[in-house]
2 protein chains.
Amino acid sequence: MQTRRYHHGDLRAALLVRAEQTLREKGVAALSLRELARDLGVSHAAPSRHFKDKQALLDALALDGFARLRETLVASQVSVGESFAERLGALAHAYVDFATGGAELLDVMYSVKHGPAASEELIAAGRQVGELALELIAEGQRRGEVRDGPAERISQPLFTTLHGFADLAVSSMLPLGVVEEGLDDVIAYMLRGCAPD
Amino acid sequence: MQTRRYHHGDLRAALLVRAEQTLREKGVAALSLRELARDLGVSHAAPSRHFKDKQALLDALALDGFARLRETLVASQVSVGESFAERLGALAHAYVDFATGGAELLDVMYSVKHGPAASEELIAAGRQVGELALELIAEGQRRGEVRDGPAERISQPLFTTLHGFADLAVSSMLPLGVVEEGLDDVIAYMLRGCAPD
DNA sequence: ACCTGAACACCGTTCAAGT
DNA sequence: ACCTGAACACCGTTCAAGT
């Protein structure tokens with residue numbers, strides 16, 4: 001047993017960690033500020049110093065999610081071949097793995113509920129993920145493996161497909177088991193959509 | 001003022017109608033069974049006869065949403081040219097319009113939260129929507145405007161893209177204003193992905 | 001600055017009892 | 001069968017007060 005200080009130390013960070021755990025285990029609906037406070041041994045009013053709202057907590061969770069998603073995607077590119085096909089494949093698998101590995105988090109990240117208030121930051125974070133697709137396309141164009149044209153106009157549809165697959169997989173709207181082989185079809189289809197004439 | 005009977009008449013249907021209105025106006029988070037009951041002039045315990053759970057209400061709402069989405073998509077095909085490109089364009093616009101016209105509903109439809117319990121029906125409803133894409137592809141193949149191969153393996157990526165775009169648009173993760181012209185790029189990209197060699 | 005305790009106005013869900 | 005009323009165990013949020 002540790003003696004517990006009056007000040008928690010870093011309640012904000014602790015709340016986020018615990019919240020994501022609960023999110024993963026019991027879903028958004030079961031996420032309660034009061035329970036979080038209980039779990040961390042602080043009063044139920046304590047969280048309000050760090051998150052003005054339950055929504056503010058969710059926003060922070062989503063922001064964190066985007067940061068980690070970005071890291072995951074970047075990491076997927078380090079030890080992979082240089083061809084566009086290989087890089088796209090690695091990116092796609094990484095995105096889908098992230099999604100299926102944390103379905104509830106993805107739901108929160110792309111939830112409509114991020115009111116126009118603090119969502120500025122969130123949308124920027126989301127956009128940063130999309131930019132990875134942009135870089136991928138630009139590089140593919142340099143290599144002559146992707147058709148010419150404004151890179152955003154190719155990367156946007158591509159990212160759209162990637163996200164759509166991940167979202168469908170996560171909401172179990174994809175024929176189960178199809179998630180794995182289905183992704184390969186999706187990747188092939190994306191390659192077609194990006195290929196030079 | 002009507003005299004109010006003891007029996008509501010069709011409380012179940014009334015709950016669904018009112019719930020979707022609230023969903024549209026104030027979001028899922030603000031949807032409360034007690035408030036619904038208040039609005040309809042019944043006791044707060046009355047809804048439980050028709051929906052064992054708040055989740056059961058949401059599931060019913062989602063099921064309804066899928067049915068209407070299906071109707072919308074079918075309707076989009078009636079007065080449109082016969083070419084694959086035209087039919088796909090019509091379908092895509094219809095899907096995105098449905099999504100942006102009822103963002104909160106789409107969120108509920110594709111939410112992770114439909115527990116494995118009653119979700120059987122929901123997943124079937126979702127799958128029915130996907131089947132429209134399947135028919136589109138099959139017809140396109142007959143016309144020689146879509147490449148050969150198992151239709152599902154082409155329609156699945158296509159539907160994935162469609163849904164991804166709608167979902168991103170709805171969660172405001174798409175560069176605003178890009179939703180309109182962006183869709184055209186996505187349609188062109190889908191056509192590429194489906195085109196014969 | 002950070003947290004507590006009490007208070008307020010809500011929830012979802014259940015269950016005996018009424019019609 | 002369908003609904004009511006009361007009860008239970010929760011919520012989020014606010015705000016004076018404590019350290």
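So you know, we letter chains A, B, ... as the sequences are listed, proteins then strands, and number each from 1.
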Handout entry: N-O pairing of E82(B) and R143(B) below 4.0 Å
Key = yes
Exercise for the section: Quickly work out the K54(B) NZ to dC11(C) P distance and round it to whole Å. Expected result: 9 Å
Handout entry: Annotated protein contacts, base or backbone, on nucleotides 5-10 of chain C with a non-hydrogen cut-off under 4.0 Å, one of B, S, - each
Key = BBB---
When the side chains of residues 90-97 of chain B are checked against the rest of the protein, which donor-acceptor pairs come out under 3.5 Å, sequence neighbours left out?
residue : atom : partner : partner atom : Å
H93(B)  : ND1  : G89(B)  : O            : 3.0
Y95(B)  : OH   : Y110(B) : OH           : 2.9
Y95(B)  : OH   : H163(B) : ND1          : 3.1

Problem - Closest to the E35(A) side chain, choosing from dT13(D), dC11(D), dT13(C) - result: dC11(D)
Handout entry: Residues R192(A) and D197(B) bridged, charged N to O under 4.0 Å
Key = yes
Practice task
Nearest whole angstrom, please: distance from the P of dC2(C) to the CG of L11(A).
Solution key: 10 Å
Handout entry: Spacing between L33(A) atom CG and dT14(D) atom C1', to the nearest angstrom
Key = 13 Å
Problem - Set of side chain to side chain contact (heavy atoms under 4.5 Å, CB included) partners for T22(A), sequence neighbours left out - result: R18(A), K26(A), L31(A), L36(A)
Practice task
Measure from the ring center of Y189(A) to the ring center of Y189(B) and say whether it is less than 6.0 Å.
Solution key: yes
Problem - Short N-O contact, E104(A) and R24(A), less than 4.0 angstrom - result: no
Handout entry: Contacts of R34(B) that satisfy salt bridge (Lys or Arg N to Asp or Glu O under 4.0 Å) - sequence neighbours left out
Key = none
Completion exercise
In DNA chain D, consecutive runs of at least three Watson-Crick or G-U pairs below 3.5 Å, as range with range, amount to C:4-8 with D:12-16, C:12-16 with D:4-8
Practice task
Give a yes/no answer on whether the side chain of H50(A) brings an N or O atom under 4.0 Å of OP1 or OP2 in dC3(C).
Solution key: yes
Exercise for the section: Find which nucleotide of DNA chain D each of R49(B) and D53(A) is nearest to by heavy atoms, and output the residue with the more 5' nucleotide. Expected result: R49(B)
Fill in the blank from the handout: Residue pairs passing the ring-ring contact (aromatic ring centres under 6.0 Å, His included) test with at least one member in residues 9-58 of chain B, sequence neighbours excluded, are none
Practice task
Report the distance from atom CZ of F51(B) to atom C1' of dG12(C), rounded to the nearest whole Å.
Solution key: 15 Å
Completion exercise
Here the distance between atom C1' of dT13(D) and atom CD of Q55(A), to the nearest Å, is 15 Å
Handout entry: Charged N-O contact under 4.0 Å between R68(B) and E20(B)
Key = yes
Fill in the blank from the handout: To the nearest angstrom, the NZ-P distance between K52(A) and dC3(C) comes to 19 Å
